[in-house]
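What follows is a set of notes on a single structure, which appears directly below.
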Amino acid sequence: MRTIATEPPLRARVPARPVPWYRRPAPVPWGWAAGLFLLYSAVAVRRHQLLRTTGYDLGIFEQAVRAYAELRAPVAPLRGEGFHLLGDHFHPLLAVLAPLYRLWPSPLCLLLAQSALLALAVVPLARRAGAVLGPAAAHTVAAGYGLSWGVASAAAFDFHEVALAVPLLSFSLEALARRRWRPAVAWAAPLLLVKEDLGFTLAAVGAYIALKGPRGLGLVTVATGVLGSLLEVEVLLPAFNPGGYAHGGNLADGQGSLLATLAQAPLDLLRPEVKAVTLILVFAPSALLALRSPLALIAVPTLGWRLLSENGFHWGTAFHYSAILMPVVLAGLVDVLGRRAPDRRELRAVLATVLVVTVVLLPSFPLAQLAQRATWHTTPHVAAARALLARIPDGATVAASNRLAPQLTARCTVVLFPTFPVGGELYRRDVPRIPAPTAAWIVHDERAPEAWPHPSGHWPYPLERQRAELEAATRTYGYEVVARRDGITLLHRRADA
């Protein structure tokens, strides 16, 4: 019997409606990365233009990268006379930025590089969320990470080496989620070259692998991370800094005995109460669901040293300390939802909660500065500062106020005025006598700078002491006033001084 061919129904012959670009899996992560790069760059660049960046830390890191670009050791005069920056923190991976800086010797080069690195970390997070939970989750996770307070605080505060670690850890987390154990280790291994404490984060990645995958690889990774950090702290950092590890004093002292120290440790993790608030806020971008994921283990080393530190700056939400935690939190959210396989209604509820938390926290952190009129207004004070700084010749030696220093580090040799740290000792401010300035130029701003993220007021010494040192420069040390304008004083040392 012969079969008569029939045409397919009309509905089958109608071309499928094209999928909108924002629902296609490939462009979503990279589109978010591009948008976040522009967002972070706008905040960072505008802050620099308004003299809100600092010698501590943008100026210090620029001096290090500039030295690498000129094939010199990373000596940072702002950190101390002849101070080798690998004796402060162990971050040799900073050298990868040297070719970019050689092409564009400017602090903006570092700020834009940091913006790109932080934005790049969204790609594996959004890609994994889209693969497991769909396009809505990809957009939500991208927004949750990209607009998170931890990343925003890093993007808006100078430049820091941790920016190199954020995308490395993010790609490692994606590999862990896909059970690609060796690539996960390969992505995480360079953390050892970013900062001395991140070897313990590498060890945490190894612990996760030992728990979920090949135990041998996991244990080797744990050992590599722990031994690498110990080697850096006990051997390499002291080798570059004869005074020893500069930040070792941040660790809380014992309570008199090992037993007492162990007994007090759980309480020390949560007091004062700012520590508990920070813990909650760290996991808030995931609506706290990341706490149910084993990936949260990878956040333990960073949270541990911060909460046990005696430096109050480490306890709160300002600065750059939480940026490395944000990929862990969002990856943990995807992990929990992917394992639970929630129905569509539950998934929508969770994603909506994540977005609400993100939006509620947004005004309290630096990205909100883009909506403030003052961000887009150049004041007469800023104009005066630029005019006076332009009178300092390239290649000069300059002692500058903290907020003026990074305006000069690309073209001058800059130290902080008044001299700090004294004898290379960080945090030492009760100095009976500050050494005499030796730079050819001094530029001092007596205006109280915009506070965030520092406490309001003058730094590193009270204004009265800074004024006294400025007066001593003219009365005792042979400097003469070149110009004064709107609270900014420019001095130059006489040839016969």
Side-chain angles (χ1 to χ4, degrees), residues 48 50-63 66 75-83 107 158 379-426 428-450 454 457-497:
H48 182 69
L50 293 176
L51 309 184
R52 295 177 182 178
T53 52
T54 64
Y56 276 67
D57 295 313
L58 177 58
I60 289 175
F61 280 108
E62 185 180 7
Q63 287 180 335
R66 178 181 173 184
V75 172
L78 277 165
R79 186 61 181 81
E81 185 179 358
F83 192 93
D158 291 12
T379 65
H381 182 75
V382 172
R386 290 177 179 170
L388 292 188
L389 292 174
R391 299 180 67 170
I392 300 174
D394 292 352
T397 57
V398 187
S401 294
N402 190 37
R403 299 277 171 161
L404 300 179
Q407 307 293 322
L408 294 164
T409 41
R411 61 185 186 88
C412 298
T413 300
V414 185
V415 297
L416 205 63
F417 180 85
T419 302
F420 184 84
V422 177
E425 293 184 29
L426 195 59
R428 184 184 174 191
R429 299 178 180 88
D430 56 338
V431 182
R433 183 178 180 276
I434 297 174
T438 57
W441 295 80
I442 294 175
V443 59
H444 177 260
D445 187 354
E446 70 170 25
R447 288 282 190 92
E450 185 239 356
H454 292 289
H458 289 269
W459 186 90
Y461 304 103
L463 179 58
E464 293 75 18
R465 184 156 196 181
Q466 295 197 32
R467 285 173 172 167
E469 293 298 323
L470 197 66
E471 182 181 350
T474 57
R475 187 184 64 248
T476 307
Y477 300 129
Y479 289 83
E480 55 188 7
V481 176
V482 176
R484 279 196 178 100
R485 184 175 171 186
D486 204 30
I488 303 170
T489 303
L490 179 63
L491 306 179
H492 185 243
R493 189 172 54 191
R494 296 192 306 269
D496 58 349

Note to self: Could you walk me through whether Glu471 and Arg475 satisfy the salt bridge (charged side-chain N to carboxylate O under 4.0 Å, His left out) test, starting with their C-alpha distance in whole Å, then the side-chain angles of each, then the deciding distance to 0.1 Å, before giving a yes or no?
What the structure shows: CA-CA 6 Å; Glu471 182 181 350; Arg475 187 184 64 248; 3.1 Å; yes
Beyond-backbone contact of [X] with [Y], side-chain heavy atoms, under 4.5 angstrom:
| X | Y | value |
| --- | --- | --- |
| Phe420 | Val431 | no |
| Ile60 | Phe83 | no |
| Glu446 | Arg467 | yes |
| Arg403 | Thr53 | no |
| Trp441 | Val482 | yes |
| Pro460 | Tyr56 | no |
| Thr474 | Val481 | yes |

Let me confirm one number: the [atom1]-[atom2] distance from [X] to [Y], rounded to the nearest 0.5 Å.
| X | Y | atom1 | atom2 | answer |
| --- | --- | --- | --- | --- |
| Arg79 | Phe61 | CZ | CZ | 11.0 Å |
| Arg447 | His458 | CZ | NE2 | 10.0 Å |
| Asp158 | Asp57 | CG | CG | 6.0 Å |
| Ile434 | Tyr461 | CD1 | OH | 4.0 Å |
| Asp445 | Arg485 | CG | CZ | 12.5 Å |

Check [X] against [Y] and note the closest heavy-atom contact, atom names and distance.
| X | Y | value |
| --- | --- | --- |
| Ala399 | Ala439 | N-CB, 3.5 Å |
| Ala440 | His492 | O-CD2, 3.2 Å |
| Ala384 | Asp486 | CB-CB, 4.0 Å |
| Phe417 | Gln466 | CE2-O, 4.1 Å |
| Arg66 | Cys412 | NH1-O, 3.0 Å |
| Gly59 | Pro406 | N-CB, 4.2 Å |

Notebook entry, point to check: For Val443, which residues count as a side-chain contact (heavy atoms from CB on, under 4.5 Å) partner, sequence neighbours excluded?
Noted result: Leu389, Ile392, Val398, Ala400, Leu404, Leu408, Ile488, Leu490
Next item on the list: Check the surroundings of atom CZ in Arg484: do more than 12 heavy atoms from other residues, nucleotides or ligands lie under 6.0 Å from it?
Entry: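 Open.
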Checklist line | Over 12 foreign heavy atoms within 6.0 Å of CD, Glu81 | finding: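 It does not: Glu81 CD has 12 such atoms or fewer within range.
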Note to self: Between Gln407 and His48 (side chain of the first, backbone of the second, donor and acceptor by atom type, cut-off under 3.5 Å), is there such a pair?
What the structure shows: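 The answer is yes, because a donor-acceptor pair under 3.5 Å joins these two groups.
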Note to self: Under 3.5 Å, is there a donor on one side chain and an acceptor on the other for Thr489 and His444?
What the structure shows: no
